[in-house]
Amino acid sequence: MSKSNKIVKSLPKKVTVDGIEQDILNEWEKLGVYDYDSKSNKPIYSIDTPPPTVSGSLHVGHVFSYTHTDLIARYKRMCGFNVFYPMGFDDNGLPTERRVQNYFWVRPDLSASYIENYKPKYQGTDGLKLKNNEQDPISRQNFIELCNQLSSEDENKFKELWQRLGISVDWNQTYQTINNRSRRIAQKMFLRNLSRGEAYQKDAPGLWDVTFQTAVAQAELEAREYPGNYHALKFDDGKDGVIIETTRPELLISCVALIAHPDDKRYQHLFGKTVKSPIFKVEVPVLAHNAAEMDKGAGIAMCCTFGDQTDIEWWRDLNLPMRSVMGKNGRLQTIIDGNLIDWISDNSGKSIAEELNGKTAFSAREIMVKSLQESGDLIGEIKPTTRMTNFYEKGDKPLEIVASRQWYISNGGKDEKLNQDLLQLGEDLDFIPEHMRQRYRNWVEGLNNDWLISRQRFFGVAFPIWYKVDENGNVNYNEVIVPDESILPIDPVTDVPAGFEESQRDQPNGFSAEKDVMDTWATSSLTPQIACGFDENDTVDGATTNDDWEKLYPMSLRPQGQDIIRTWLFSTVVRSWLEEKKLPWAKAALSGWILDPDHKKMSKSKGNVSTPMPFIEKYGADAVRYWAASAKLGMDATFKIDNMNPTKETFPGNNNQAEVYQMKVGRKVSMKLLNATKFALSIVGEESTLDLDLDSVTNNLDQSILGKLNETIISATDRFEKYDHAGALEIIEHFFWNFCDNYVELVKVRAYSNDKSAKTALAIVLDNLIRLFAPFMPYAAEVCWGWFNDGSVHNESWPTKLKLEETSNAFDLVNSILEPLRKIKGDAKVSPKTPLKNVKISLSSDSIDILKVVQQDVINSCNIQGDIEYIENDELAVCGELVQQD
RNA sequence: GGGCGAUUAGCUCAGUUGGCUAGAGCAUCUCGUUUACACCGAGAGGGUCAGGGGUUCGAGUCCCUUAUCGCCCACCA
């Protein structure tokens, strides 16, 4: 390596890390330092950045994981890759729907027509004051426009934070998950799934959230503890009765059978016979099924349509009738079109059935318990219990099971071959850290159904389809009308299929729109396609083109949180496999959690989040990055705050006394880098050019520090290649402190006296160190670099192995005798400047030879008077006498 | 119930394929220094590597087992 002709610019008297960010940011933007170059021939490194949800706010956990990705991006960029590092904004889905509703006090209404230049009456946080006013009903298209308007405000706040943090995203490459490009791609991919038979609709019982009144997918479930009671109910078998236990007596009315295990001796005599339910006196069969567990409850279960997933299994396997009463609004429906449900003939049973109509599960249960107690069919005490129950992850009421027509995409939940293929893809994908692969395996192996992608919500990407309406005015869901790909995106609620006119909407022999929207993951699963320009017809919203698609896909890296392996990661693999028969990326990097000081995961719902900007302002962006960079991928990190009671009230760092240890250290490191560089340049830069020629380093000690530098470069690079940024940082930092505290101190005198070798070594080390630190501390590194270079350090190359002859271990040797020499003065509690005399050093003869060559630096820095006496001995020993000061 | 991970100094964590007297930072204590850096430097104390077995010349590292913590999945009779 031989570089020269570097011009040393003027150095500041005092360095600082405060307020350095904005000027540098402007410079980066001006130079386009992080721009992806679609015309370049360099190898590409493409990153499938997670699009943050814009309706939320960013917390330190985001800063943590996005910094990890940025470290990789910056490293790869310096290694000569053409880095494609886009940013998306997730503004599709329920959180945004609710936020837009409350912010503008509107609600989407599918019957409302589109209004050009619609201006909402309200805006801001006055939603609560408007509680009594009705929300303004507007069309879906208007709603999407309001979303885009609100999102762009949020996006700017996000962008500001990411930039300040030094995330090296190419801001020309951005997308929104609700913008035209995303909707177009989501619809196009759905149509292709449909044409290949991978997307299909089915009318079947499924999990249903009664609050949001939408179907939910397996991936969105969350099991939570839920209190309940066991009720022992007696069914009439003509003899002593059959006792079953249930936590849901309100579903007795939907009971279609009693089920026990085929091997259960207790119930053998009942199989094939019927019993009568209490209260309603409905005759139901007693049947055998393997899924019944002998040791659960009474060993015999009441099968209702539907209480849980097992009920669905029994209903399907045993061909049982459907007696569903649970309405989509969470209320029991026993009277339909004025008629009471038809399977009850008993008169008193009928009147209770009538009473149940319109009741929530909760009040229906109260009615049933009371009735059962009165009739004497409730046996013994009601026993309280706590059980795990499935909830929609965003909901707060247990899920019900309701039959409805929904759209699904095959994901291996029902197709063994596809399941195997997807498992194999999980083996082919490079997980970082490796053990995260197990999460993927567990999930794919545990799938029990296809991916439910339709949602009965208003805001999201519309299904681009209509259905034919028959001559009687009934919608025929089997006759799907699809648009041509070229006109996407469309909204079937306002757009009209080819060959029809608007007047035929919902008319006999006309057409009817699919009103559901797709699940948000149905769009998010396409982020590689959206970011990389998959759509050859795209003329809107996109920065990349279809030419880029060929180069960028499959992508190099998917960074993401471990909590969304089953959703985002898996669904992206599914879509990519179905469309391209490829993995979407080579590697997946999973980041860990940020834990609060009580070791609880930091999340918005727990109210323990810390907003990052105050920390950036207090310590500087480099320091915050240093904190994040110190943690390995996939490892949790504790957000440890000193001097502070870690309660909710005081947690977010508004207390000036509070310190985040690692950030404090990070600030020290960046200051040290600035100071060390300034110092070295002040000695070295007396001339107008810097000599970085290795041949100019002739002194043994100087050569040996270059040897140390070389080791550092090699092992830091090795760590980075293994995606171990924390290990790389540790190695670089260790060398850096050693260099500052020992080497620089040693050669000061020689360097001041214009020694060519020392000056060149200092310059070479600094030149490399700044580049080693650049991914971690982009601001401090840029400042240092700017003192003796033009252009950005972030477009420079990552240091590579120096072409050195074999070097001695002079530096380590000197360090090992420096320590005891310092201790002599330390023990005597005198200044390090105090002179020493009669210094004797015993060590091996080889080491003596090396040491003699470089001893002048030791004599200078320790202020040794007279000669050093060397004694040959394998055991290292150092002694000396202090010269008495006046 | 099935799976994954963690457990090393007061705190936060390193410790790569078994090979040192087990390391670093913070915190604590002692001392020093102000022409690179007080957003500094030098030094000290502090650990039965969660417990118990085993393999090995040798175990923080490998195997078995127990305990505690965290997470994922299953669990609604």
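Residue numbers begin at 1 in each chain, while the letters A, B, ... track the order of the sequences.
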Nearest to the side chain of [X], heavy atoms from C-beta on, is which of [options]?
X: His435(A); options: G5(B), C26(B), A77(B); result: G5(B)
X: Trp737(A); options: C71(B), G41(B), A36(B); result: G41(B)
X: Arg822(A); options: A36(B), A77(B), G43(B); result: G43(B)
X: Arg667(A); options: C37(B), C76(B), C39(B); result: C39(B)
X: Glu293(A); options: C37(B), A77(B), A14(B); result: A77(B)
X: Asp18(A); options: C39(B), C71(B), A77(B); result: C39(B)
X: Asn675(A); options: C37(B), G32(B), C75(B); result: C37(B)
X: Ala223(A); options: G43(B), U16(B), C75(B); result: C75(B)
X: Arg387(A); options: C76(B), G43(B), A42(B); result: C76(B)
X: Ser831(A); options: C39(B), C76(B), G32(B); result: G32(B)

Separation of [X] atom [atom1] from [N] atom [atom2], in whole Å?
X: Asp308(A); N: C75(B); atom1: CG; atom2: P; result: 9 Å
X: Arg441(A); N: G3(B); atom1: CZ; atom2: P; result: 13 Å
X: Phe306(A); N: A77(B); atom1: CZ; atom2: P; result: 18 Å
X: Lys296(A); N: G1(B); atom1: NZ; atom2: C1'; result: 10 Å
X: Trp593(A); N: A6(B); atom1: CH2; atom2: P; result: 17 Å
X: Arg439(A); N: G5(B); atom1: CZ; atom2: C1'; result: 8 Å
X: Asn390(A); N: C72(B); atom1: CG; atom2: C1'; result: 14 Å
X: Glu222(A); N: C75(B); atom1: CD; atom2: P; result: 15 Å

So, does [X] get its side chain near the phosphate of [N], meaning an N or O under 4.0 Å from OP1 or OP2?
X: Lys13(A); N: U35(B); result: no
X: Lys632(A); N: G15(B); result: yes
X: Thr310(A); N: A77(B); result: no
X: Tyr661(A); N: A27(B); result: no
X: Thr247(A); N: C76(B); result: no
X: Lys829(A); N: A42(B); result: no
X: Lys833(A); N: A42(B); result: no
X: Arg566(A); N: C73(B); result: yes

Close aromatic pair by centroid cut-off 6.0 Å: [X] and [Y]:
X: Phe64(A); Y: Trp627(A); value: yes
X: His68(A); Y: His725(A); value: yes
X: Tyr619(A); Y: Tyr626(A); value: no

Looking across every strand, which nucleic acid part, if any, lies under 4.0 Å from [X] by heavy atom: base, sugar-phosphate, or nothing?
X: Tyr226(A); result: nothing
X: Ala751(A); result: nothing
X: Asp311(A); result: nothing
X: Ala292(A); result: base

Give me the distance, rounded to whole Å, that separates [N] from [M] when you measure between the [atom1] atoms they each carry.
N: G47(B); M: U8(B); atom1: C1'; value: 7 Å
N: C4(B); M: G43(B); atom1: C1'; value: 44 Å
N: C13(B); M: U7(B); atom1: C1'; value: 13 Å
N: G32(B); M: C11(B); atom1: C1'; value: 27 Å
N: C75(B); M: A14(B); atom1: C1'; value: 40 Å
N: U16(B); M: C62(B); atom1: P; value: 9 Å
N: U66(B); M: G1(B); atom1: P; value: 12 Å
N: U28(B); M: U68(B); atom1: C1'; value: 29 Å

Original post:
Hey, does the Lys NZ or Arg CZ of Arg437(A) hover above the aromatic six-ring of Phe431(A), less than 6.0 Å from the centre and inside 45° of the axis?
Top reply: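 Ring-cation test returns no.
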**OP:** Look at Arg719(A) together with Glu721(A) and state whether they make a salt bridge at an N to O cut-off of under 4.0 Å.
**Re:**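 Looking at Arg719(A) and Glu721(A), the cut-off is not met.
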Subject >> Test: Glu245(A) and Lys296(A) ion pair at under 4.0 Å >> reply: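 A salt bridge is absent here (no side-chain N lies under 4.0 Å from a carboxylate O).
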Original post:
Taking atom types as modelled, is there a side-chain donor on Ser630(A) or Gln662(A) under 3.5 Å from an acceptor on the other?
Top reply: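 Yes, because at least one side-chain N or O of Ser630(A) sits under 3.5 Å from a partner of the opposite role on Gln662(A).
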**OP:** For Lys759(A) and Asn754(A), test the side chains for any donor-to-acceptor distance below 3.5 angstrom and give the result as yes or no.
**Re:**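 Result is yes, a qualifying pair exists.
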If [N] has a Watson-Crick or G-U wobble mate with both distances under 3.5 Å, name it; if not, just say none.
N: A14(B); result: none
N: C40(B); result: G32(B)
N: U56(B); result: none
N: C69(B); result: G5(B)
N: A22(B); result: none

Subject >> Given RNA chain B, 5'-ward residue of the pair Gln438(A) and Glu819(A), judged by closest heavy atom >> reply: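 This one resolves to Gln438(A).
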Original post:
Quick one: on RNA chain B, does Asp563(A) or Val17(A) contact a more 5' nucleotide (nearest heavy atom)?
Top reply: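 Whichever sits nearer the 5' end wins; that is Val17(A).
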Original post:
Hey, mind stepping through Leu681(A) and Thr677(A) against side chain to side chain contact (heavy atoms under 4.5 Å, CB included) and telling me if it holds?
Top reply: CA-CA 6 Å; Leu681(A) 289 176; Thr677(A) 309; 3.9 Å; yes
Subject >> Check: A74(B) base within 3.5 Å donor-acceptor of Gln309(A) side chain >> reply: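 Between A74(B) and Gln309(A), which were checked side chain against base, a qualifying N/O pair under 3.5 Å is absent.
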